[in-house]
Amino acid sequence: MTPIYKDPAYTPEERTADLLPRMTLDEKLQQMRLFNDPGEWFPDYRFSEEKLLPHLDRCGAIYCTDSPPARFINDLQDYFLHHTRLGIPVAVHSESLHGAMHRDATVFPQALGLGAARNTALMSEMADHIGRETRAVGVRQTYAPNLDISRDPRWGRVEENFGEDPYLTSRLGVAYIRALQSHGIAASPKHYVAHGTPESGVNIAPVHAGERELRETLAVPFEKAFREGGALSVMPAYSELDGMPVHASYFLLTRLLREEFGFQGHAVSDFGAVNMLSSVHHAAQDAHDAGLMALRAGIDVEAPSPWGFGECLKEAVESGEVPMALIDRAVSRVLYVKFKTGLFENPYAGEPSDLRTPAALSCARRVAQETAVLLKNDGLLPLKADPGRVALIGPNAAYTQLGDYTLHEAAVRGVSVRQAFEERLGKENVLYARGCHIAYEDAALLADAVAQARAADVAVVVLGDNSSFYRESWGDDESGRPPVVTCGEGYDVTDLALPDAQERLLEAVCATGTPTVLVLMSGRPHSIVWAKAHVPAILEAWYPGEQGGYAIADLLFGDANPSGKLPISIPQSVGHLPCYYNRKASAFNIYKRPGSPESPGRDYVFSSPEPLFPFGYGLSYTTFAYSRLTVTPQALGAEETVTVTVDVTNTGDRAGRETVELYLRDRVCRITPFVRRLRGFEKLELAPGETKTAVFTLGFEDFAFINEEMRREVEPGEFDVEVGGLTASFRIR
């Protein structure tokens, strides 16, 4: 008779309940451990039982980022299904932040740019391709999406997130999770929770936030990921919040995550985070203490290898110190996800023909077009179809920066701006000069760039950042010196200006008098004060994915119309941090006498507190007019809904996409209200002269604040709605 756990006719809960009692302690602990980097132990990824056996105690899951071939994945799964006592398949873990992390998979634009695109339908389409490719390479769980709220641009991981706003992040995160998981893959949103506001902008540094800020801002995207997206896994942050390491917090990992947010999947530790309870946070004495703290708090799987969940945990169970119920709790969650994703029925890798299909590459190009933000345009853009000679200058002009969580093989495959321009205009009309390195000056390169700019009719200068993934560094390797990584995990900065070498290059090119376009290929916002004042046109392309060169050319020549809106405020300087739009009224501008070096004042003596470019800013080659903003009804109860409509008309002579954003303000509240909060957005595509109506529905959650008991409450009072510069009001009775 077929056991219940092998019969897909039963529910995941029923199958889990049947399998768990059949397992020995060793078999249970195996499910709570991860086998990291199997390529190190299997030469050329040739599977053999002999090489597997020393690692069998940690093979509940394996983590692969170095593109194991399908035959290895399939041989491995075949072994577990047919040559182990219970036939429990292994869960293959990997990354999919902006594409399946495999050498043959499509690389889409980095997450920060996706926040600029403001397009949930396009996000779903992209994540559908990512899910299909992830499943094709045999991966069944990925550590994505990143749902941290980026509130300190010094932090190198800003590039991995959708921006500074919790509503925007939650909507994009839910769209991503639903599409990815439709392919039988468990999404693991990270880094739960509050990881995006580290002290001094330094990775892993403590986060200082009270419970109200946690609930009303930092945890919102995660709550939505579990309640609406149904995410099947979670990866907690390796930082501490208010003095408590997240990996040891019962409040965060059990009370909030499971009891309040309704999370039913399993929690996999961030890599080394259980060890960090001892080595970094000094909250645990040793592996024994750290493992128990993490297990009791709610961690179910330790990554990247057994330490706190190693032999010391087994001994603690056998001695009676740790009740078997805690082990069963963790293992049942792991098994539930394996059943839920259909892993027992089909754990195998798919077809390589599903990778980098024409549809996926087309999607990557369209996404890159929508992620770019036009920051300035004095009429230079779009360029003429026949612009004459173009000087293409800068360390990122001939190299497409793809961002972290990208493999080297994919990075070198990216389409550069130089390639796209030469294909479009012919090599003879593109005068390329590197000009400088990411952070190194070179007098000869600078002189060459100036000469090329003088000989050209227009100059396009491509500057920005350089990211990496773990041991891999790229994109700045022609100087004879070590590559300089300026963004990514562990690459935090104290200055938001471009590196000096790049600033001097830009100023030298502009000094030639040749009309100049600045393209930023970056992983964080940069305080481009000089450029804003002196460069005629500025396009922020972020990390645009492997089709980025084509997309940037499409935008600069007007084949595509820029439609991105800033997902994160760009401050004037580091001294202006923190800098985000959804602040409290007392945050700044109390004295209303902003200063300048020529005319000192207040709030800042020598500067305005306003951002260089605000959240939501972004220009187009056409113009849009808003009209007929209506709110129905204008008075309602706290549990009722209000409908907001607005007409948007393309008043220019080019087709374009406009992101209609709705901001809400509670005029008076006993818990101080935000100046404004984003509570809705919709992207409309409009032909010249065309008008469309955007419709939004607001309800209890939009009106609510977190009260003294840390619960959502709505007070009677006046609310203001702002859409496209128009305002309207309504009352809660």
Side-chain angles (χ1 to χ4, degrees), residues 97-99 105-119 122-123 125-127 129-130 158-163 172 356 360-375 381-382 392 394-407 410-421 423-424 438 460-469 474-475 486-488 517-526 537-568 618 657:
L97 180 61
H98 53 121
T106 309
V107 182
F108 294 89
Q110 179 62 295
L112 189 57
L114 299 174
R118 303 280 211 284
N119 192 331
L122 191 59
M123 170 67 86
E125 181 182 347
M126 183 197 79
H129 286 295
I130 293 174
V158 163
E159 67 174 81
E160 301 176 15
N161 306 291
F162 300 135
L172 295 176
R356 297 187 74 241
L361 295 177
S362 173
C363 179
R365 185 167 177 167
R366 286 185 288 113
V367 174
Q369 292 170 355
E370 294 202 26
T371 60
V373 181
L374 184 61
L375 296 177
L381 295 176
L392 194 56
N396 284 340
Y399 194 89
T400 299
Q401 294 288 347
L402 301 183
D404 63 4
Y405 289 90
T406 306
L407 293 180
V412 299
R413 189 176 64 228
V415 177
S416 68
V417 179
R418 181 183 183 184
Q419 177 184 338
F421 268 59
E423 289 180 12
R424 178 183 288 259
I438 290 292
V460 176
V461 183
V462 189
L463 306 177
D465 285 310
N466 179 45
S467 290
S468 72
F469 179 71
W474 48 72
T486 60
C487 203
V517 179
L518 170 61
V519 175
L520 292 168
M521 201 177 288
S522 61
R524 61 160 56 85
H526 286 283
I538 305 172
L539 182 73
E540 173 60 81
W542 312 109
Y543 290 147
E546 67 170 272
Q547 298 292 299
Y550 290 141
I552 290 170
D554 294 338
L555 292 161
L556 296 183
F557 284 96
D559 298 343
N561 196 338
S563 63
K565 303 291 185 182
L566 283 178
I568 186 170
R657 295 182 178 91

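The model shown is predicted, which means the values in this text are computed figures rather than measured ones.
Separating the CG atom in Leu122 from the SG atom in Cys363 is a distance of 5.5 Å, to the nearest 0.5 Å. Rounding to the nearest 0.5 angstrom, the gap separating the CG atom in Asn161 from the CG atom in Leu172 is 11.5 Å. Rounded to the nearest 0.5 Å, atoms CZ (Arg118) and CG (Leu566) are 8.0 Å apart. In this structure, OG in Ser416 is found 8.0 Å from CG in Leu392, a value given to the nearest 0.5 Å. To the nearest 0.5 Å, the span separating CG on Asn466 from CG on Asn396 amounts to 7.0 Å. The CG atom of Leu374 sits 9.5 Å away from the NZ atom of Lys565 when rounded to the nearest 0.5 Å.
Side-chain contact check for Thr106 versus Gln547: every heavy-atom pair is 4.5 Å or farther apart. Counting heavy atoms from C-beta outward, Tyr543 and His98 have side chains that stay 4.5 Å or more apart. Counting heavy atoms from C-beta outward, Val519 and Leu556 have side chains that approach closer than 4.5 Å. Using a 4.5 Å cut-off on side-chain heavy atoms (C-beta onward), Met126 and Ile130 make contact. Inter-residue side-chain proximity for Val462 and Tyr399 is flagged as unmet; no heavy-atom pair is nearer than 4.5 Å.
Heavy atoms only, all atoms of each residue included: Pro525 and Trp542 are closest at N-CZ3, 4.2 Å. Across all their heavy atoms, Ile438 and Gly464 have their closest contact at CD1-O, 4.1 Å. Nearest heavy atom pair, residue Ala541 against residue Ile552, reads CB-CD1, 3.8 Å. Between Leu97 and Ala111, the shortest heavy-atom distance links the atoms CD1-CB, 4.4 Å. Closest of all the heavy-atom pairs between Ala420 and Gly549 is CB-O, 3.2 Å. The shortest heavy-atom contact between Gly618 and Val373 is CA-CG1, 3.8 Å.
Ring geometry for Phe421 versus Phe557: interplanar angle of 30 to 60°, hence tilted.
Side chain to side chain, Glu546 and Thr400 fail the donor-acceptor criterion of an N or O pair below 3.5 Å. Ser467 and Asp404 form no side-chain donor-acceptor contact under 3.5 Å, judged by distance and modelled atom types alone.
Residue Tyr550 is tested with Arg424, Gln369, Glu423, Arg365 for a side-chain hydrogen bond (donor to acceptor under 3.5 Å, both in side chains); the sole match is Glu423. Looking at Glu540, Gln401, Glu159 one by one, the single match for side-chain contact (heavy atoms from CB on, under 4.5 Å) with Ser522 turns out to be Glu540.
The backbone N or O of Gly564 lies less than 3.5 Å from no partner atom in the side chain of Arg657, so there is not a single donor-acceptor pair. One N or O on the side chain of Asp465 and one on the backbone of Gly523 form a donor-acceptor pair closer than 3.5 Å.
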For the pair His526 and Leu463, evaluate side-chain contact (heavy atoms from CB on, under 4.5 Å) and give the outcome as yes or no after the intermediate values. CA-CA 11 Å; His526 286 283; Leu463 306 177; over 6 Å; no
